[in-house]
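Notes for the one structure printed next.
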Amino acid sequence: MTTSEQPTLMLIDGHSLAFRAFYALPLDSFKTRDGQHTNAIHGFISMLLNLLAKEKPTHLGVAFDISRYSFRTREYAEYKGTRGETPPEFIGQVPLLQDALHAMGITTITKEDFEADDILATLSHQGSAAGYKVLVVSGDRDTIQLIDHNVTLLYPSKQGVAELTRYDAEKVFERYGVQPHQYPEVAALVGETSDNLPGIPKVGEKTAVKWLNEYGSLDEILRRADEIGGKVGESLREHSENAVRNRRLNHLVTDVELPVLPDDLERNAFDLDAVREVFGRLEFRSLLERVIKLGGGAPSADSFPASGAAVSAAKTSDGSSTSASAYSAPTMPEELNPVRVAPRTQNLLDEELRGWLERATDAAPLGVAVVVESYASGIAGFGLATEMETAFVPFSPGHADMAPLVHWLAGPSPKLMHGAKQQIKTLAAAGIPVAGMAFDTEIADWIIRPDSSKRELSELVGLYLGETLSTPDPNQLVPEEDELGAAGHAWLVERLSKAIRLQLDAGSLALLLEIEIPTLVALAAMELRGVTVSHEKLSALSTELGDRAAAAATSAYAEIGKEVNLASPKQLQEVLFDQLNMPKTRATKTGYTTDAAALVDLQEKSPHPFLGYLLEHRDVTKLRQIVESLDTAIGSDHRIHTTYVQTGTSTGRLSSINPNLQNIPVRAADGRRIREAFEVGVGFQTLLTADYSQIEMRIMAHFSKDAGLIEAFKSGEDLHRFVGSQIYGVAPEDVTGDMRSHVKAMSYGLAYGLSAFGLAKQLKIDNGAAKKLMSDYFERFGGVRDYLRSVVEDARIKGYTETLFGRRRPFPDLASPNRVLRDNAERAALNAPMQGTAADIMKIAMFGIEQDIANLDLKSRLLLQVHDELVLEVFEGEWDVVEKLVVDRMENAAKLSVPLDVQVGKGQNWNEAAH
DNA sequence: GAGCCTACGTA
DNA sequence: CGTACGTAGGCTCT
């Protein structure tokens, strides 16, 4: 959409980018014969050349700081005071960089008493007013405030300067949740450690953004500070002057008097001789060629072809399922090489679209790939692909043109996606339902490689197709740009689906299609629903916990006669071991542990009131931190919407993030008060919780076929009491509390690969007693021992473990000569089939419940899953039928040789509903 | 600013 | 010398 007539003004913060380049490139690899370091110069120029080729600015200026002193340091002497000395290897490169730029005909700008950012701000304002499209290139977040409809920021992303991210107002909102002009106010509240500008203590990005969205501006927040409760409110009132000062300092000056105007920055021809001279001095051969090429006017012909097929795929095995290497890196079928080029994309609307979808659906029986392209503000469009064709459909909400696609999405025609859950949620937010999910490349890869943490499209393309998506030349600093559109991505998803499907054995494919895909659909619905959480209860709790934390801290300080940071293990070690001369605790990498168990232990050996106050402080601050993070996660619908990560574990369990709702406290009384804030939603009658009791032990009974353990579960007797009576040879009613707790720890520990040593430590009994307990246990339940041994042995032979439903987890380390690695792998392998089978069973129950509720047209709904527990919101009049279907689905999710036992609870909040 | 470490919440 | 997770703060190095 860029009009070729509109001139583009590019403004670069020379210092900040050169500094990034300095750290991004190795110092030693860039050095002239006489020892001059050139890595920052090389990195900067390389990035600049890429930018010139890509963005084709008509006007260009590079601003530099003159020194670290400016009007800001005069105003606030500590400004940037924490910054260490700039490395001398860097400083020496700056004048040389400026020489190189001058030779290239590029204007550099400095101004006494101002920072480079102020120069950028001034020129950006002037340029924008004069009708330029402005590109600001800077690594300083303060420049975010310059972004508007004319001004875009290119900001180096992680990994140094390898990539530049394009920030417009939309992207800023997506990333930070505020408009660009509000960003400095967020920064002012939070503070900036790197500039030595403290903000409001206790206020992080989340809180700051929340306030800004609530009150509109920093001024308004400060004016109405009295309305903000809790410790954060107090902190705000007490330190408001920090925010005011920060805001004054991070405001960029837009009327600096400069020797140049935007018009003066028009790009000049290169002085080739000068460039040769300077680059020769710097010994930049390849860069010189690139400069000459660019100066010669050939427009961006050096855009890298996507041909660099990374033929790195390990052709290891033919997939024979008994060899230990069956689960090494996926193999790459020959016919998928070499690199192929995506079919041309057509934009489709209306009737054309209807016809295309019909044809595509017929041509692709396994499914049509769909990629939903979306931004924070909404959906941009849809990429669609079959093997032979790709299409793009721009999103036009409510428009008649959308009808065929919307209809197709809601229908049963098979769809292929990468990360379907997120896309289904995005579509649901726009009122577009999706059915017919047939394959998810992300989940499919997880089934093959559950231990991997990298599953982006680009990663899978490299792994399964042997192609590279973008070309990250380590030596070049490449501006980020998505060459492929949504349609191109969809085409990759289509090819990946086929390639990954070929890698799946029958059991894994069934697991994907029959368990994971239905689970994905259920999870999307649960995340969209969220769970009601009471802000009132949480903020009251936070205040109380805050008071208790303060009191504990005060008492702790009084005991040691000084104030230390109680959250700093380092400072605590000084207090405990140097000042109070307590006996040393267990060693850690960085000293001696100060964890709760060790502190309790110390309290016995060397009693001191400080320890008690410290433990109390730990407890209470931990809880308050959980309360605070939950509170900020409450949405305008008064509900918290977690995200379940379906590919987040190697065993098959789910994980939960933003926030994690699978680790809400339950053991201690104070913690349970947090659960009271999880309430039944408006319009619903009650919460229902349902959990499996001892599901992993039951699975162990099933797998081990141990007659004693099976009998224990069939008897209906309390498990630990039953086992205890067997081991200690007493009647069940004569099993003491101690006996029961020892047996319980033993039973649970077994599934984790617990050793006699560990058991002794946990039960605080001696090693001999622990060994005796273990051998007595196995005496009676020998099948369990045999089973556990066989799990590890089988895994060693096959290279992987397997759950009841065919979920595999590879264990290459079982063959490791490294004792520690091997032992760790053995314990994990021991546990994987049990934990994994339990996860499979819960998933089957979950989507069964979802489907029953839908089929019966009930209004009650599933909200949360916590591994062996489900939480539902029950609608008026539906309790009996819902309770029954939940229990049925859970009890019958798998047919084991022992019954699955389900406990149900009911209440107005999560705590009450626990039984 | 990213990444490691310690600590701690859950099943 | 007990499995599986996520989050937070401190601290270090880039």
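Here is the naming used below: chain letters follow the sequence lines, and residue numbers restart at 1 for every chain.
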Quick one: does A:Thr585's side chain have a donor or acceptor within less than 3.5 Å of a partner on A:Thr593's backbone? yes
Could you tell me whether the phosphate oxygens of B:dC8, OP1 or OP2, come under 4.0 Å of any side-chain nitrogen or oxygen in A:Arg618? yes
Taking only the P atom of each, what is the distance from B:dC5 to C:dC1 in whole angstrom? 16 Å
Report which part of the nucleic acid A:Ala596 touches: base, sugar-phosphate, or nothing (heavy-atom distance under 4.0 Å, all strands). sugar-phosphate
Between C:dG6 atom P and A:Ile664 atom CD1, what is the distance in whole Å? 14 Å
Decide whether A:Asp117 and A:Thr143 meet the rule of one side-chain donor and one side-chain acceptor closer than 3.5 Å. no
Applying a 4.0 Å non-hydrogen cut-off, can you work out what A:Asn658 is touching in the nucleic acid: base, sugar-phosphate, or nothing? sugar-phosphate
Reckon A:Thr588 has a side-chain N or O less than 4.0 Å from the OP1 or OP2 of B:dC5? no
Taking only the side-chain nitrogens and oxygens of A:Ser656, find out if one of them lies under 4.0 Å from OP1 or OP2 of C:dG6. no
Is A:Asn565 close enough to C:dG10 that one of its side-chain N or O atoms is under 4.0 Å from OP1 or OP2 there? yes
Scan A:Lys761 against the nucleic acid and name what it touches under 4.0 Å (heavy atoms): base, sugar-phosphate only, or nothing. nothing
May I ask you to say what A:Arg819 touches in the nucleic acid, namely base, sugar-phosphate or nothing, with a heavy-atom cut-off under 4.0 Å? nothing
Could you tell me whether the phosphate oxygens of C:dC5, OP1 or OP2, come under 4.0 Å of any side-chain nitrogen or oxygen in A:Thr651? no
Should the ring pair A:Phe30 and A:His42 be called parallel, tilted or perpendicular, given that the plane angle runs from 0 to 90° and is split at 30 and 60? tilted
Interatomic distance where NZ belongs to A:Lys622 and P belongs to C:dG6 [whole Å]: 14 Å
Could you check whether A:Gln835 gets within reach of a base, just the sugar-phosphate, or nothing at all, counting any heavy atom under 4.0 Å? base
Is the cationic atom of A:Arg20 (NZ for Lys, CZ for Arg) positioned less than 6.0 Å from the six-membered ring centroid of A:Tyr155 and within 45 degrees of its normal? yes
Candidate pair A:Gln646 and A:Glu516, rule side-chain hydrogen bond (donor to acceptor under 3.5 Å, both in side chains), full reasoning: CA-CA 8 Å; A:Gln646 200 173 348; A:Glu516 298 303 341; 2.8 Å; yes
Rounded to the nearest angstrom, tell me the gap between atom CG in A:Leu750 and atom P in C:dC1. 19 Å
Does a side-chain N or O from A:Arg624 land closer than 4.0 Å to OP1 or OP2 of C:dA8, or not? no
Separation of A:Arg675 atom CZ from B:dG9 atom C1', in whole Å? 10 Å
Heavy-atom donor-acceptor pair, A:Asn663 side-chain to B:dG9 base, under 3.5 Å: yes
Here DNA chain C, pairs taken as Watson-Crick or G-U under 3.5 Å and shown with ( ), [ ] when crossing and | when to another strand, reads ..|||||||||||.
With a 3.5 Å cut-off and no angle check, do the side chains of A:Ser693 and A:Gln903 form a donor-acceptor pair? no
Does a side-chain N or O of A:Arg653 approach OP1 or OP2 of B:dA11 to a distance below 4.0 Å, or not? no
Grab the CZ-C1' distance between A:Arg586 and B:dT6 for me, whole Å please. 10 Å
Has A:Thr649 got a side-chain N or O lying under 4.0 Å from the OP1 or OP2 atom of C:dA4? no
Rounded to the nearest angstrom, tell me the gap between atom CD in A:Gln762 and atom C1' in C:dT3. 13 Å
Counting just side-chain N and O atoms, does A:Gln625 come under 4.0 Å of either OP1 or OP2 of B:dA7? no
Base, sugar-phosphate, or nothing: which does A:Val645 touch, judged by heavy atoms less than 4.0 Å apart? nothing
May I ask you to verify if any side-chain N or O of A:Ser629 is less than 4.0 angstrom from the OP1 or OP2 atom of C:dG6? no
Atom-pair distance (CZ on A:Phe19; P on B:dG1), nearest Å: 12 Å
Rounded to the nearest 0.5 Å, how far apart are CH2 of A:Trp910 and CD of A:Glu869? 5.5 Å
Rounded to whole Å, the CG-C1' distance (A:Leu630 to C:dT7) equals 11 Å
